[in-house]
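Okay, so here's the structure we're looking at.
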Amino acid sequence: MFLEVQNVTKVFRSSENEKPIVAVKDLSLSVPRGEFLCILGPIGCGKSTLLNMIAGFERPTKGRILLEGKPITGPGPDRVMVFQEETLFPWMTVLENIRFGLRFKGLSEEETEEEARRYLSLVGLEKFGDFRPHELSGGMKRKAELARALALNPKLLLMDEPLSSIDAISKMSLLQEILSIWEKSRKTIVYVTHNIDEALFLADRIIVLTARPAQVKREVVIHNPKPRDLLGSEMIDLKRQLIEELAQSHALEEHVLTPG
Ligand SMILES: Nc1ncnc2c1ncn2[C@@H]1O[C@H](COP(=O)(O)OP(=O)(O)OP(=O)(O)O)[C@@H](O)[C@H]1O
Ligand SMILES: [Mg+2]
């Protein structure tokens, strides 16, 4: 198996006197190479924590995570994360932002320029290489970040709610962009979201998580060919089921958060 999360628990202890927070509890999942996996879960359930452990930014309290059979012990160039927040360097142009990471790969100046331009055009931003991030729309910035991540040619692309701050119209075109990038590159992608439509549009498989602590609640394999019509009856049925699953998770969360 390409990626395996085995019985992972993550407990945060912020200080001696405070109660520890169990963010993820005994969670297992596996991802075959080339899969587009969406992880769907309510707000605050532990999605980012799970992704951060796969990225190697956090260590599991219990359990282990294997990539191609080898335990993940820290961050590595084989995994790249696209974050929820904007992470472009504001003082660099778009092109410089993409070249920045490539320098660490030991490429020559010419090669980094060529690679960066290639990925810029992959996301349709070839004309914006010399712009600075503040001169781009929110959607264009997301594309630039996507290009920067892809340029590093990771084995595994981790995406943490990359479209949560994007308006509904730009979102549709970005979803199509992400899909076409996945189709061209056939990268393995783990995409975290609390948005059902995003998951239905992108995923080969959706894993629904419970409210905190995150555990696998349900798994849905979607065989329908992509791009999918989210207004088709099958997708609407699935959406209804997923809304129910998430509503239950949310109710559980309210229960957990209610004192006493
Ligand atoms: N570094 C940390 N230290 C202490 N607690 C943390 C830390 N990171 C996350 N938590 C806690 O773990 C729980 C899960 O957080 P996490 O960010 O993984 O949720 P999420 O599902 O990504 O939420 P959202 O939908 O808001 O992005 C929260 O209660 C959070 O406060
Ligand atoms: Mg999060």
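Indexing begins at 1, ligand by ligand and atom by atom, following the structure's order.
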Arg99 with Glu96: basic N within carboxylate O range, under 4.0 Å: no
May I ask whether Gly44 has any heavy atom positioned less than 4.0 angstrom from an atom of ligand 1? yes
Measuring to the Mg ion (ligand 2), does Thr49 have an N/O/S atom at a distance below 2.8 Å? no
Any donor-acceptor pair under 3.5 Å linking the side chain of Asn97 with the backbone of Phe89? yes
Minimum side-chain heavy-atom gap Pro154-Asp78 below 4.5 Å: no
Consider ligand 1: state whether an atom of it lies below 4.0 angstrom from any non-hydrogen atom of Glu161. yes
Can you tell which of Leu156, Leu51, Leu3 makes a side chain to side chain contact (heavy atoms under 4.5 Å, CB included) with Arg79? Leu156
side-chain contact (heavy atoms from CB on, under 4.5 Å) evaluation trace for Glu111 with Glu114: CA-CA 5 Å; Glu111 285 166 330; Glu114 198 179 309; 5.5 Å; no
For the backbone of Leu125 and the side chain of Lys143, can you confirm whether one donor and one acceptor N or O come within less than 3.5 Å of each other? no
Specify the protein heavy atom at minimum distance from atom 16 (P) of ligand 1: its residue, its atom name, and the distance to 0.1 Å. Thr49 OG1, 3.6 Å
Please list the nearest protein heavy atom to atom 20 (P) of ligand 1 with its residue and the distance rounded to 0.1 Å. Lys47 N, 3.6 Å
With a 3.5 Å distance limit and no angle check, can you tell me whether Thr193 reaches the backbone of Leu40 through a side-chain donor-acceptor pair? no
Atom 31 (O) of ligand 1: closest protein heavy atom, distance to 0.1 Å, is Ile21 CD1, 4.5 Å
Polar contacts were defined as any N/O atom of the residue lying under 3.5 Å from an N/O atom of the ligand; does this apply to Ile43 and ligand 1? no
Protein heavy-atom partner closest to atom 11 (C) of ligand 1 - residue, atom, separation in Å: Phe12 CD1, 3.9 Å
So is Gln84 touching ligand 1 or not, going by heavy atoms under 4.0 Å? yes
Using protein heavy atoms only, decide if any is under 4.0 Å from atom 6 (C) of ligand 1. yes
Using only atom types and a distance under 3.5 Å, with no angle test, would you say the side chain of Lys10 pairs donor to acceptor with the backbone of Arg59? yes
Run the numbers on Ile196 and Leu238 for side-chain contact (heavy atoms from CB on, under 4.5 Å), then give the verdict. CA-CA 10 Å; Ile196 297 174; Leu238 259 178; over 6 Å; no
Starting from atom 29 (O) of ligand 1, what is the nearest protein heavy atom, named by residue and atom, and what distance separates them? Arg212 NE, 3.3 Å
Which atoms of ligand 1 have any heavy atom of Cys45 under 4.0 Å away? 19 (O), 20 (P), 21 (O)
Tell me if the CD atom of Glu219 is crowded by more than 12 foreign heavy atoms within 6.0 Å. yes
How far is atom 12 (O) of ligand 1 from the closest protein heavy atom, and which atom is that? Ala23 CB, 3.6 Å
Check each atom of ligand 1 against the heavy atoms of Ser48 and keep those under 4.0 Å away; list them by number with element. 17 (O), 18 (O), 20 (P), 22 (O), 27 (O)
Is Gly46 close to ligand 1, meaning an N/O of one under 3.5 Å from an N/O of the other? yes
